[in-house]
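Per chain, numbering begins at 1; letters A, B, ... match sequence-line order.
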Amino acid sequence: MPRVTPLGASLILEHVLADPSVPAAVVTKLLVALPFPSHPTPRLRRAVLLHHLAADPVSESSLDTLQLLAALPAPASPIAAAHIAVAAYLAVSASDFDVAVGALFARPNGRARLAVDEGGSSALASDEVMTTVDQFEAAVGNSFSQAVLRGLWGDRSATEERVRDLLAAEWAAIGPSLLVQAAERIVGDGAVETWRAADEATRAKLRILAGEERTHEILRKLEEPTSSANPISTPAVEKVINSLKTSCAELHSVVEDPLPAAKAVADEVLAARMEKSVSLDAEEARGQPTTCGTAGPSAPNDKGKGPSTGKPYSLMDWNPTARTFQWEESPGPESSEPSLRRPHLPSPRRAPVSPLPPGENKNRRRRARKWCLLEEETLRQGVEQYGSGNWKDILNNNPDVFIGRTPVDLKDKWRNMINRYRGIVRPPTTEKAADILLEALFSACQNLADEASSLPSEQKEFKLYKQHVDDLHHLAGNYDSVIVCLGAKVRSLPELANKLPLRTCRGVIAEFKLPSDTVEEYGSQSPSILSDAWLAFQGPRSVSIGSTWQWKSENDSSTVSDEESLTAMEELLPKASGVYPRINKWDFVGARAGIRAMPPLTANGSLPLLGCLDDLLGKKSNCTFWLVGGLGARGLLYHGLVGKLTAKAVISCDENIIPSEFTCWNTIKP
DNA sequence: TTAGGGTTATGG
DNA sequence: CCATAACCCTAA
């Protein structure tokens, strides 16, 4: 008996190995025992890679295996997730993160980056994977990012699970072996056509494989005048049959009993057909000899040795692990009782008929990870820069911050952030703009306090009351301290009406826009100008110009009459055109006004009025009153400084914390 | 890819 | 039991 031919070995391996239940030891022995074909079929390559992966799911070498697997036709869908999980795990578990990330993810030649980039396997690529790769690259030298990545990808068992998901999907989709396909031909669908085309000698061989019972069945059908049967390529079928027969003989040398093994394959095919769970259509059947042909090139040298015709021989010559066996070509008595002698040869199951590929339908939920302040701040800036809705841009331009976040996560987070205070401050539908601004201010304060307080015990409670106050002392009973921040309206408090050195000054500001037919816009960066008048540009086509000075005005209305705006323009335009002559190309679109409370001019300039009011008001309770006023129109400039100084002074009950330049207005006491 | 409705996990 | 934050699903 001749040695196992490469073609035969290929068929055996291809059939036996494509089964997850074959123990690793058996796989190894088979691979050692049989000559591995120089051009294995994709199915065999796949089976070997899958066994490799199962034995060693998370390692440097499994990364290679995954990449090879991805290069095979039609890799299972979970492969991208498994590949990035293994690569990421290798990076975060390496002794030197930066070195490992350089080798795996750095541009241009990181091992995993190449695999998922354009030019690499498309099966490994996705937007999400690219994002992760960029995140790793950006994390070099950034211990914060590394820590987050470790948390996300450092779980070995989770990584292994990704690989197992892939294995399950691959095994489920691996399809029938060539032997099974041949068996389909001999005893399954297509049996009648195969037998019809066979000559007497071939039929004798087929009879051995099919068993007496099935042979009679097939022959009976053959007699029926079913003209609808379409004959299939005889040479191709014969090739398969010969292959099958040869490999059965060889299989016999490796496992216990070859004929029952072949029969088992046939029986399984029959069972499968009974269940109607699988059916090969004629098109598929015709294609199979071609598939078989891919194994053909591996066997040109075998031709001379000829097909095995039943000469017994021992594999012991070259393989001590193999067992010798006597091959009987005659159908034994057991052939009529196939079910009694089920072989122990593991056979691949047909892919379960499932609407979805297994492993893809079981989506596990990511563990919720709290957003850190940096992420929130970056999101705020991102929305400002790219606009709300451009989540992907924001994400991809901050790979070092948004680690393990998706664009949808950013969207959801923004939704949470802008809704944060809806339960505390609900803007009434018919509120005036001023009240809405007040609520916005309150929300901003609460937001800041939340961010500053990391511990629950440090949480501060805020309340926003809106009520009319006739008299400061009405507040005294409820508060330790009251800070008066009223601007020009401070005059409306009877206790302070004429006691503060403030002069009111109305100002008008005018808004201009570029005519829509003007193509040329104002500079790319739109710098604003502070001059005799100021020009505050709001983007490239809009500017506000201010301000006029109407001392001692009592008019605090924000609306401006035509007459007043004309006067204001005559005052503002000469000053504006002095620094920006092209203002005459702009259109006036409206004017607004406001009233400011101006402090006295001192040697240090016009400084805000800060400090404790108790001496001024007369101490009538335990409540202390404080003033933040006289900022003129410069609240934006001063609010941070005066707010901080006043807060410190109020908390420590010590006015001296505030520099005397701000409080000296109040030292001139009666 | 995004918007918006829905679900799950967690802490009070 | 509720409110909230993070996350998921799906239509367009």
Side-chain angles (χ1 to χ4, degrees), chain A residues 77-78 80-82 84-85 88 116-118 122 125-135 144-145 147-155 157-159 161-162 165 169 354-427 439-440 442-464:
Chain A
S77 52
I84 191 66
V116 303
D117 244 354
E118 310 126 37
S122 61
S126 74
D127 266 8
E128 211 179 329
V129 164
M130 275 315 296
T131 301
T132 303
V133 169
D134 288 342
Q135 286 169 357
F144 169 77
S145 299
V148 179
L149 288 169
R150 265 181 242 281
L152 277 174
W153 300 99
D155 183 343
S157 62
T159 310
E161 213 177 328
R162 294 290 85 70
D165 287 345
S354 161
L356 283 174
E360 199 175 26
N361 46 10
K362 51 171 177 181
N363 296 326
R364 64 204 80 242
R365 197 183 174 90
R366 291 177 296 159
R367 197 172 60 84
R369 191 162 46 89
K370 204 157 163 45
W371 282 63
C372 66
L373 292 178
L374 176 64
E375 285 178 302
E376 291 189 351
E377 188 49 42
T378 308
L379 181 56
R380 265 188 279 274
Q381 290 175 16
V383 168
E384 197 173 322
Q385 184 175 354
Y386 299 96
S388 170
N390 296 5
W391 311 115
K392 196 159 183 265
D393 284 339
I394 299 172
L395 178 71
N396 289 335
N397 284 288
N398 297 282
D400 52 335
V401 176
F402 299 122
I403 299 164
R405 308 293 186 190
T406 69
V408 172
D409 288 338
L410 268 57
K411 181 261 299 174
D412 289 332
K413 178 60 184 177
W414 186 248
R415 176 169 58 180
N416 283 342
M417 285 169 69
I418 63 180
N419 283 344
R420 185 172 285 184
Y421 300 108
R422 70 179 167 192
I424 304 170
V425 177
R426 185 175 299 282
E439 285 166 351
F442 172 74
S443 290
C445 291
Q446 180 137 21
N447 205 348
L448 271 174
D450 278 3
E451 291 179 5
S453 53
S454 51
L455 298 175
S457 61
E458 293 173 359
Q459 292 290 335
K460 301 287 186 289
E461 189 182 359
F462 282 76
K463 288 203 169 78
L464 175 61

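Between K413(A) atom NZ and dG4(B) atom P there is a gap of 19 Å when expressed in whole angstrom units. Separating the CZ atom of R367(A) from the C1' atom of dA5(C) is a distance of 14 Å, rounded to the nearest angstrom. The CZ-P distance, from R369(A) to dT10(B), rounds to 15 Å in whole Å. Atom CH2 in W414(A) sits about 14 Å away from atom P in dA6(C), given to the nearest Å. Atom CG of D412(A) is separated from atom C1' of dA9(B) by 15 Å (rounded to the nearest Å). D409(A) has its CG atom 7 Å from the C1' atom of dC7(C), to the nearest Å. Distance, F402(A) CZ to dC7(C) C1': 16 Å, rounded to whole Å. Between the CG atom of L410(A) and the C1' atom of dC8(C) there is a distance of 16 Å, given to the nearest Å.
OP1 or OP2 of dA6(C) sits under 4.0 Å from a side-chain N or O of N416(A). For the OP1/OP2 pair of dG4(B) and a distance below 4.0 Å, the side-chain nitrogens and oxygens of R415(A) include no atom meeting the criterion.
A donor-acceptor pair under 3.5 Å is formed between the side chain of Q135(A) and the backbone N or O of G404(A). Counting only distance, with no hydrogens or angles, the side chain of E375(A) and the backbone of C372(A) share a donor-acceptor pair below 3.5 Å.
Proximity of residues 386-396 of chain A to DNA chain B (heavy atom under 4.0 angstrom from any strand atom) is restricted to G389(A), N390(A), W391(A), K392(A).
Residues M130(A) and D117(A) form a side-chain contact, since some pair of their non-hydrogen atoms from C-beta on lies under 4.5 Å apart. Between K411(A) and V408(A), some side-chain heavy-atom pair lies under the 4.5 Å cut-off. Between R415(A) and D412(A), some side-chain heavy-atom pair lies under the 4.5 Å cut-off. Using a 4.5 Å heavy-atom cutoff, the side chains of N416(A) and W371(A) are not in contact. Between R369(A) and V148(A), the closest side-chain pair of non-hydrogen atoms falls below 4.5 Å.
DNA chain B is contacted by both K411(A) and A368(A); K411(A) maps to the nucleotide lying nearer its 5′ end (nearest heavy atom per residue).
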Filtered N/O pairs between nucleotides 10-12 of chain C and protein, under 3.5 Å:
none

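The side chain of R365(A) sits closest to dT8(B) out of dT8(B), dT1(B), dG5(B).
Using a 4.0 Å cut-off between charged nitrogen and carboxylate oxygen, D409(A) and R366(A) count as a salt-bridge pair.
Relative to the ring axis of W391(A), R405(A) does not place its NZ or CZ within 45° and under 6.0 Å from the centre.
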